[in-house]
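Atom set for the values below is all heavy atoms of this structure, side chains included, hydrogens, waters and symmetry mates excluded. In what follows, chains are A, B, ... by sequence order, proteins preceding strands, each numbered from 1.
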Protein chains: 2
Amino acid sequence: MITRNLSTEQLDLWVVDDNVAFAKNLAELINQTEGLQCGGIFHSCEEVLHDLEAESPPDVILMDIGFPGMNGIEGVKRVKMVAPAVQVIMLTVFEDNDNIFRAITAGASGYLHKSATLDEIINALKAILVGGVPMNPHIARKMLEIFKHLSTTTSDYGITAREKEVLQLLVDGLSKKQIADKLFVSFHTIDTHLRNIYAKLQVNSRSGAIVKVLKEHLL
Amino acid sequence: MITRNLSTEQLDLWVVDDNVAFAKNLAELINQTEGLQCGGIFHSCEEVLHDLEAESPPDVILMDIGFPGMNGIEGVKRVKMVAPAVQVIMLTVFEDNDNIFRAITAGASGYLHKSATLDEIINALKAILVGGVPMNPHIARKMLEIFKHLSTTTSDYGITAREKEVLQLLVDGLSKKQIADKLFVSFHTIDTHLRNIYAKLQVNSRSGAIVKVLKEHLL
DNA sequence: AACACTATCCCGCACTTACGTGATTCTCAC
DNA sequence: GTGAGAATCACGTAAGTGCGGGATAGTGTT
């Protein structure tokens with residue numbers, strides 16, 4: 001539940017960053033901007049969580065990721081647990097897919113690089129509060145990248161249909177004997193199939209095969 | 001590279017749908033709209049690919065997913081291979097995460113439900129061409145859902161730090177003996193650790209443990 | 001001081017796996 | 001129609017696995 005918005009009142013922001021100078025600097029910039037107001041500066045996630053329970057929550061929290069102790073990702077999760085209505089924007093130097101992915105899934109609404117200008121930050125705020133679209137173009141692109149990366153099936157190692165059946169049952173945890181019974185063939189047949197599968201996947205154990213199948217989304 | 005835009009010229013659209021009546025209807029609606037022009041109607045992906053090589057590509061292709069033969073997902077991939085600059089919007093009755101996910105990863109720029117009004121379609125076009133954001137709010141939300149779903153870590157089954165070490169090496173494909181050597185403990189210790197791990201994960205084989213670890217993103 | 005938890009170590013047995021080395025059909029392409 | 005894959009079946013063995021029993025020692029809680 002957002003009780004204020006950009007057009008009617010001051011927008012209340014909290015800044016969380018262990019770098020004291022940076023946080024203070026950002027807070028000043030915010031306070032110098034019309035319509036924005038920095039209602040709190042914090043230097044750890046624990047402080048924020050403590051205050052969130054005592055005071056009324058802000059509209060938006062700008063949060064660093066690279067904390068000692070509880071990191072920003074964990075921080076977002078906890079914040080969203082205590083105050084689900086608060087929009088959290090990650091503010092960080094990390095721009096790798098993994099961090100963005102984790103931040104988004106933890107409940108972050110946006111993700112800005114620390115070099116972002118105040119204009120960019122305000123634009124992100126508008127996008128999040130007014131438009132209701134919980135991401136900015138930059139993250140959107142990153143997310144697409146991650147998506148594409150997640151679905152690079154490409155090679156199927158020339159696994160035949162029958163071998164795929166066997167492989168599926170292998171992943172389901174069945175022993176050779178159980179697979180044989182299920183497919184109405186002999187133990188030896190499954191044994192041979194598995195040898196061929198192992199050769200094609202270039203592994204030498206059922207564990208290796210399972211890992212390869214799950215990690216590369218075969219089947 | 002987009003050579004035209006909404007403000008200066010006609011925007012050239014192609015419609016691809018095996019439902020002849022629907023495609024024709026949509027094409028007419030498009031042609032009745034100022035600034036839009038339907039440059040081609042196709043009833044299969046093959047037709048589109050053929051024409052793409054002969055003619056200059058359109059600005060946007062509106063494509064159905066549920067084709068007999070080559071489906072829309074495969075179609076998008078091929079289209080983007082031949083003409084990467086073309087923006088493809090999927091137009092479909094399927095709204096499940098799996099289809100959206102696959103369409104996006106195949107290179108689709110947008111995803112609209114077939115019940116979408118022409119207004120909605122035009123809005124999507126604007127978002128894609130002008131804003132450069134390769135998705136609309138609706139898809140954005142869906143993508144967030146998929147992301148969240150992909151990363152449901154939740155339970156860690158009370159695995160201890162030491163057990164995690166063992167588990168990691170297990171997933172790496174090492175035997176009990178190899179794990180023991182690597183951690184400078186005896187075979188029996190690893191054996192016991194694995195028993196405890198199996199109990200916690202509620203499995204009874206290394207295969208089961210590996211599957212659980214990889215599928216639920218433990219570790 | 002008693003208790004729970006973790007990590008470590010040990011024995012033995014039935015079972016499963018990985019692999020070497022064969023074989024017989026069947027289909028499909030050249 | 002010959003040959004290459006695919007799918008099926010077979011024997012044997014060394015190594016590895018899962019689990020039934022144990023045990024000891026340290027750490028931290030209450």
Starting from [atom2] on [N], measure out to [atom1] on [X] and report it in whole angstrom.
X        : N      : atom1 : atom2 : value
B/Leu167 : C/dA7  : CG    : C1'   : 16 Å
A/Asn204 : D/dG16 : CG    : C1'   : 13 Å
A/Arg195 : D/dA10 : CZ    : C1'   : 10 Å
B/Lys176 : C/dA18 : NZ    : P     : 14 Å
B/Asn196 : D/dG18 : CG    : P     : 14 Å
A/Ile210 : C/dT16 : CD1   : C1'   : 14 Å
B/Ile197 : C/dT6  : CD1   : P     : 12 Å
A/Lys177 : C/dA14 : NZ    : C1'   : 15 Å

If you check the [X] side chain, which of [options] turns out closest?
X        : options                : answer
A/Phe187 : C/dT17, D/dG18, C/dC10 : C/dT17
B/His193 : D/dT8, C/dC19, C/dT8   : C/dT8
A/Ser175 : D/dT8, C/dT16, D/dG18  : C/dT16
B/Thr192 : C/dC10, D/dA7, C/dT6   : C/dC10

Under 3.5 Å donor-acceptor pair, B/Asp191 side-chain atoms to C/dC9 base atoms = no

Whichever of B/Lys200 and A/Leu174 has the more 5' nearest nucleotide on DNA chain C, that residue is B/Lys200

Within the pair A/His188 and D/dT8, is there a side-chain N or O less than 4.0 Å away from OP1 or OP2?
-> no

Between B/Thr160 and C/dC5, does any side-chain N or O lie under 4.0 Å from OP1 or OP2?
-> no

Check: [X] side chain, [Y] main-chain N or O, donor-acceptor pair, under 3.5 Å:
X        : Y        : answer
A/Lys176 : A/Ile190 : no
A/Lys212 : A/Val203 : no
A/Asn31  : A/Cys38  : yes

Step-by-step side-chain contact (heavy atoms from CB on, under 4.5 Å) determination, B/Ile61 to B/Val48 | CA-CA 9 Å; B/Ile61 295 178; B/Val48 177; 4.1 Å; yes

If you look at every strand shown and take non-hydrogen atoms under 4.0 Å, does A/Ser186 touch a base, only sugar-phosphate, or nothing?
-> sugar-phosphate

In A/Leu13, A/Leu36, A/Asp12, A/Val15, the residue satisfying side-chain contact (heavy atoms from CB on, under 4.5 Å) with A/Val60 is A/Leu13

